[in-house]
Amino acid sequence: MADMTQQLQEQVLQARSNGQKLNIVGGGSKAFMGRAADSDAETLSLADHTGIVEYHPVELVLTVRAGTPIKDIEAALAEEGQCLHFEPPRFGSASTIGGTLACNLSGPARPWSGSVRDQVLGVRLLNGKGEHLRFGGQVMKNVAGYDVSRLQAGAMGTLGVITEVSLKVMPKPAATMTLVEDMAMHEVVDYMNRRAGESKPITGACWVDGKVYLRLSGARSAVEATADKWSGEVMENGDDFWQQVRDLQHDFFAGNDVPLWRFSVDSTAATPNMEGNWFIDWAGSQRWYRGEATLSDLEPLAKAAGGQVSLFRGGDRSGEVMHSQPEALKAIQRRVKNSFDPDGIFNPGRLYSWL
């Protein structure tokens, strides 16, 4: 565990002075996301910038350095019977909390427990001028100024170098159970939405390979009572299944030969009829598609379903991989980028070619 803030700050200042671009890297487990990194940029690594800064179990607040591996955070929380409710995906043992926030990644419980963005209380950030800034705090009711902390979610390092993250943590559920049953894809979206609308302890709902999986978590009495009432067989090793879903280790996600597309849409929207395989998660709000396609082909389908689409993994990453934005929003994003990084040294073109 080490505080590398000074070294990181010096590298940023030196890069700005030399006109050098910087690729921000943590554990490197998410290098496949976004557009291809600039080959001429210098690597700024947070791999050694690790450790828990503060942890107050009674107050349910944790502050860690951005390069801290998720596995280390979860191990520390487990000792106190607590966890990160947004279930951060691990794409490798080196997956870090800073990269998770920068890529805005959340697991199967996202519709019920919130996203990583919802759990962030504050951040510390090195901007493009080398200034070490603090945003937010360690309490939920912090409303002074703009919510810059949450603005980092999904920015993919284009706004600065996240050095610390303060998060809300929660108690681990007392019991967990998974129900599984056969169901056709055209039936499952309505079914999952109806189940999600009930006042029951549901924390996961997905469909793949002709089967629907519902996860129940919470007080043992509530979990068992719901399982008795709902249809479906109790799944053995249900926790292992959801871990595979969380970390994209399920067989559906295996291999990189076919592009993996991520749709974020209205949970009740119909699934487009296309050649290829689907994995429906978040009770319909997140849908994964494996198939050869172009962003221009899929954007109208995503828009009709009330959302957006991105090329998550594989395919051509030299072009745009994120859903196109209207000119008004582009202008706002450029102004925000210029405010944080006036010389454009951080992760150039990683999110969009024009940013």
Side-chain angles (χ1 to χ4, degrees), residues 1-6 8-9 24 26-27 30 46-90 94-127 131-155 157 159-174 176 201 203 217-219 246:
M1 295 187 295
D3 183 355
M4 306 295 290
T5 304
Q6 183 174 347
L8 295 169
Q9 190 170 27
I24 305 169
K30 305 170 188 65
L46 285 90
D48 296 326
H49 184 64
T50 63
I52 295 175
V53 178
E54 290 184 88
Y55 177 30
H56 304 289
V58 175
E59 298 178 12
L60 302 176
V61 172
L62 171 77
T63 300
V64 292
R65 297 188 183 101
T68 307
I70 295 293
K71 61 181 178 62
D72 293 350
I73 296 173
E74 292 183 333
L77 294 176
E79 292 181 1
E80 299 292 337
Q82 297 179 344
C83 65
L84 297 171
H85 261 203
F86 63 89
E87 294 184 298
R90 294 189 204 171
S95 289
T96 65
I97 188 63
T100 299
L101 174 58
C103 294
N104 196 23
L105 295 171
S106 304
R110 162 68 176 90
W112 299 275
S113 298
S115 67
V116 57
R117 180 180 180 276
D118 299 316
Q119 311 301 322
V120 171
L121 302 175
V123 300
R124 297 200 72 184
L125 182 83
L126 284 167
N127 68 5
E131 298 169 329
H132 199 204
L133 309 175
R134 184 190 297 274
F135 300 100
Q138 293 186 336
V139 294
M140 290 303 293
K141 293 183 179 180
N142 192 314
V143 295
Y146 294 104
D147 196 348
V148 173
S149 302
R150 297 183 181 185
L151 192 62
Q152 306 310 313
L159 300 182
V161 184
I162 301 170
T163 59
E164 285 184 14
V165 184
S166 293
L167 296 158
K168 179 174 65 173
V169 300
M170 298 295 287
K172 295 182 71 173
T176 299
T203 60
S217 303
R246 180 196 71 190

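Remember, predicted model here, so these are calculated numbers, not experimental data.
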Query raised in the report: Excluding sequence neighbours, so at least two apart, what forms salt bridge (charged side-chain N to carboxylate O under 4.0 Å, His left out) with E80?
Result: none
Requested in this report: Kindly say whether F135 contributes a backbone atom to a donor-acceptor pair with the side chain of S149 at under 3.5 angstrom?
Outcome: yes
Query - Interatomic spacing from CD1 in I97 to OG1 in T63 - rounded to 0.5 Å - result: 11.0 Å
**Report entry** Value rounded to 0.5 Å, distance of CZ in R117 from CZ in R110
**Finding:** 9.0 Å
**Report entry** Pairwise distance OG(S166) to CZ(R134) - rounded to 0.5 angstrom
**Finding:** 7.5 Å
Query raised in the report: About how many Å separate CG of L126 and CD1 of I162, when rounded to the nearest 0.5 Å?
Result: 10.5 Å
Report summary line: Between P173 and S217 the two heavy atoms that sit nearest each other are CB-CB, 4.0 Å
Report task. Mind listing the closest non-hydrogen atom pair of T50 and P69 along with its distance? Result -> CG2-CD, 4.3 Å
Query raised in the report: Going by heavy atoms in the side chains, are V116 and L105 under 4.5 Å from each other?
Result: no
Query - V161 vs Q9 side-chain heavy atoms within contact, under 4.5 Å - result: no
Report task. Using the side chain to side chain donor-acceptor pair (under 3.5 Å) rule, take H132 and T5 through it: C-alpha gap first, then chi angles, then the decisive distance, then the call. Result -> CA-CA 9 Å; H132 199 204; T5 304; 4.7 Å; no
Requested in this report: Only counting residues at least two apart or in another chain, list the ones meeting side chain to side chain donor-acceptor pair (under 3.5 Å) with T68.
Outcome: none
Query raised in the report: Which atom pair, heavy atoms only, marks the closest approach of P88 to T100?
Result: CB-CG2, 4.0 Å
Query - Donor-acceptor contact present, side-chain H49 to main-chain M4, <3.5 Å - result: yes
Query raised in the report: Minimum heavy-atom separation for P171 to C83, with atom names?
Result: O-SG, 4.0 Å
Report task. Check the pair I73, L84 against side chain to side chain contact (heavy atoms under 4.5 Å, CB included), reporting the backbone distance first and the verdict last. Result -> CA-CA 9 Å; I73 296 173; L84 297 171; 4.0 Å; yes
Report task. For residues S106 and S115, report the shortest heavy-atom separation together with the two atoms involved. Result -> OG-CA, 3.3 Å
Query - Side chain to side chain, E74 and R90, heavy atoms closer than 4.5 Å - result: yes
Report summary line: CZ of F86 to CG of N104, rounded to nearest 0.5 Å, is 10.0 Å
Report summary line: Between R150 and V120 the two heavy atoms that sit nearest each other are NE-O, 3.7 Å
Query raised in the report: Under the salt bridge (charged side-chain N to carboxylate O under 4.0 Å, His left out) test, which residues partner R65, sequence neighbours left out?
Result: none
**Report entry** CD on Q119 to CE on M170, rounded to 0.5 Å
**Finding:** 7.5 Å
Requested in this report: For E87, enumerate each residue passing the side chain to side chain donor-acceptor pair (under 3.5 Å) test, keeping only those at least two apart in sequence or located in another chain.
Outcome: R215
Query - Test side chain to side chain contact (heavy atoms under 4.5 Å, CB included) applied to L151 - qualifying residues, sequence neighbours left out - result: L159, V336, F340
Query raised in the report: Out of T163, L101, L167, V148, which one pairs with V123 under the side-chain contact (heavy atoms from CB on, under 4.5 Å) rule?
Result: L101
**Report entry** side chain to side chain contact (heavy atoms under 4.5 Å, CB included) partners for P111, two or more places apart
**Finding:** W282
Query raised in the report: Between Y55 and E79, is any side-chain donor less than 3.5 angstrom from a side-chain acceptor?
Result: no
